[in-house]
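Data first, discussion second: the structure below is written as structure tokens.
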Amino acid sequence: MRDVARDAGQPAVATQEASPAVLREQQRAENFPVALRLLPPATRRHLAAIYDVARVVDDLGDRGDGDRTALLEDFRSDLDRIWDGGTVRWRVLRRLEPTVEQCHLARQPFADLVLANLQDQQVTAYETFDELRDYCRLSADPVGRLVLAVFGAGTPRTEQLSDRVCTALQLLEFWQDVAEDRAAGRVYIPQETLRAYGVPDADLDGTSTSPVLKLALAAETQRAEALLASGSELVALLHGWARVAVAGYVAGGRATARALRRADFDVLAATPRPGAGATLRYAAALLAGAGR
């Protein structure tokens, strides 16, 4: 799973909870919340409460001290108390409680985020793209569904489109962070893709990206862009602040794909990052198109 603590220069949560100030700093390092600073304060608080929980889950799964499976199981038990009753121990979950109540949030999306991190403790590579997409249904799609719930915009159609957008965003982040994931012992590029392009395992450990690995990443980026485009209709189906927020997410994905191409997919030499200007331009174009 992704975590942004390292990008923000902040310590991991591990078995200690990060302060709200640290979590806010981590938020500023994310690609997708660029547009969220425009939202009304109450909406920002609800979304921040959700993102903070997702970050803590990721941090426990990626860099928790000791038995990470046990840490995740303990966190899941505390999370369940929000719906089952009882006293919640984690501060980040106590901050989530009013959001769950006021926005009528379901338990399952949070449970899926924990399941994704539990899966990370056992699975280090994916044979096929379909297997990877199933993982994204746990690791990425729940966040989009929770965002829709905050705006009261969750319907079967909007959730279907949101899932496409969120999976695409997760995939693009994987292609940015090949070196980071490899260092953690994980490979998210499907094994079938690596074989199809003749990428030897040793190429993942280089300091620059080999030509065949670049071709594999270009193909996977194109597939992620197609998925993102197929979900972009979501922007036009939403209204008000929900449209603004989701346009920001989709724009962040488009800008990330652009950054990968501008770097010629050399993701091992440095991590390609989109600029805020490119994201804002894509968001403006999406909003203008939705308005028409």
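Atom set for the values below is all heavy atoms of this structure, side chains included, hydrogens, waters and symmetry mates excluded. Keep in mind the model is a prediction, meaning the values are calculated, not measured.
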Pairwise distance OG1(Thr99) to CD(Glu101) - rounded to 0.5 angstrom
10.0 Å
Going hydrophobic residue to hydrophobic residue with side-chain gaps under 4.5 angstrom, can you get from Leu161 over to Tyr282?
no
Arg261/Glu225 under side-chain contact (heavy atoms from CB on, under 4.5 Å): CA gap, chis, key distance, verdict:
CA-CA 12 Å; Arg261 285 199 170 83; Glu225 285 183 293; 2.6 Å; yes
Does a donor on one side chain sit under 3.5 Å from an acceptor on the other, for Asp266 and Ser208?
no
So, do Phe265 and Leu213 sit near enough that their side-chain heavy atoms are less than 4.5 Å apart?
no
Which distance, rounded to the nearest 0.5 Å, do you find between the CG of Leu93 and the CG of Leu79?
5.5 Å
Short question: side chain of Asp203, backbone of Ser210 - any donor-acceptor pair under 3.5 Å?
no
In a table with atom names and distances, give each donor-acceptor pair under 3.5 Å that connects a side chain of residues 232-241 to protein atoms at least two apart or in another chain.
| from | atom 1 | to | atom 2 | distance (Å) |
| --- | --- | --- | --- | --- |
| Ser232 | OG | Leu228 | O | 2.8 |
| Glu233 | OE1 | Arg157 | NH2 | 2.9 |

Is it true that a side-chain atom of Arg262 and a backbone atom of Arg258 form a donor plus acceptor pair closer than 3.5 Å?
no
Residue pair Cys166 / Arg145, side-chain heavy-atom distance below 4.5 Å:
no
Any chance you could measure Thr155, atom OG1, to Gln160, atom CD, to the nearest 0.5 Å?
9.5 Å
Close side-chain approach of Val143 and Gln170, heavy atoms under 4.5 Å:
no
Step by step, would you call Phe174 with Leu132 a side-chain contact (heavy atoms from CB on, under 4.5 Å)?
CA-CA 11 Å; Phe174 285 151; Leu132 181 62; 3.8 Å; yes
Quick one: does any side-chain atom of Asp52 pair with a main-chain N or O of Val92 as donor and acceptor, under 3.5 Å?
no
Measure the CG-CG distance between Asp120 and Leu115 for me, rounded to the nearest 0.5 Å.
11.5 Å
Gly61 backbone acceptor or donor facing Gln121 side chain under 3.5 Å
yes
Parallel, tilted or perpendicular: rings of Tyr126 and Tyr188 (30°, 60°)
parallel
Passes side-chain contact (heavy atoms from CB on, under 4.5 Å), Leu287 versus Arg243? Steps please.
CA-CA 8 Å; Leu287 291 170; Arg243 177 180 287 180; 3.6 Å; yes
Short side-chain to backbone donor-acceptor contact, Thr158 and Ala153, under 3.5 Å
yes
Can you establish whether the number of heavy atoms outside Glu192 located under 6.0 Å from its atom CD is more than 12?
yes
Tell me the salt bridge (charged side-chain N to carboxylate O under 4.0 Å, His left out) pairs involving residues 274-283, sequence neighbours left out?
none
In terms of heavy-atom contacts, Ala251 and Ala283 come closest through CB-N, 3.3 Å
Measure from the side-chain N and O atoms of Ser230 to the backbone N and O of Leu227, and report whether any donor-acceptor pair falls under 3.5 Å.
yes
Side-chain contact test, heavy atoms from C-beta onward, threshold under 4.5 Å: evaluate it for Ser77 versus Arg89 and give yes or no.
no
Just by distance, no angles: are the side chains of Thr271 and Glu180 close enough, under 3.5 Å, to form a donor-acceptor pair?
no
Less than 4.0 Å between a side-chain N and a carboxylate O, is that true for Asp177 and Arg273?
yes
Distance in Å, Leu146 CG paired with Gln108 CD, rounded so as to fall on 0.5 Å steps
10.5 Å
Verify salt bridge (charged side-chain N to carboxylate O under 4.0 Å, His left out) between Arg94 and Glu97, making sure each step is shown before the conclusion.
CA-CA 5 Å; Arg94 292 199 295 271; Glu97 284 184 293; over 6 Å; no
Determine, for Asp134 against Arg137, whether the closest basic-nitrogen to carboxylate-oxygen distance falls under 4.0 angstrom.
yes
Quick one: does Thr209's side chain have a donor or acceptor within less than 3.5 Å of a partner on Leu268's backbone?
yes
Of all heavy-atom pairs linking Leu286 and Ala247, the shortest is CD1-O, 3.6 Å
Considering only heavy atoms from C-beta outward, does the side chain of Leu96 approach that of Phe110 to under 4.5 Å?
yes
Is any NZ, NE, NH1 or NH2 atom of the basic residue among Asp78 and Arg81 found under 4.0 Å from an Asp or Glu carboxylate oxygen of the other?
yes
Return the minimal non-hydrogen interatomic distance between Trp90 and Asp74, and the atom names on each side.
NE1-OD2, 3.8 Å
Quick check: does any side chain N or O of Arg186 sit under 3.5 Å from a backbone N or O of Asp181, one acting as donor and the other as acceptor?
no
State, to 0.1 Å, how close Pro142 and Pro109 come at their nearest heavy-atom pair, and which atoms those are.
CB-O, 3.3 Å
Are Glu73 and Arg76 ion-paired here, with the side-chain N under 4.0 Å from a carboxylate O?
yes
Side-chain heavy atoms of Val147 within contact of Tyr249, under 4.5 Å:
yes
Check whether any side-chain heavy atom of Leu105 sits under 4.5 Å from a side-chain heavy atom of His46, and report yes or no.
no
Using 0.5 Å steps for rounding, measure from the CG atom of Leu172 to the CG atom of Leu260.
6.5 Å
What is the minimum heavy-atom distance between Trp175 and Ala224, and which atoms define it?
NE1-CB, 4.4 Å
Not counting sequence neighbours, which residues clear side-chain hydrogen bond (donor to acceptor under 3.5 Å, both in side chains) with Glu127? List them please.
Arg195
Of all heavy-atom pairs linking Thr279 and Gly248, the shortest is CG2-O, 4.3 Å
Under 3.5 Å: donor-acceptor pair, side chain of Asn117, backbone of Leu113
yes
Ignoring hydrogens and angles, tell me if any N or O in the side chain of Arg182 forms a donor-acceptor pair with the backbone of Val187 under 3.5 Å.
no
Flag side-chain contact, heavy atom, 4.5 Å: Leu169 against Val165:
yes
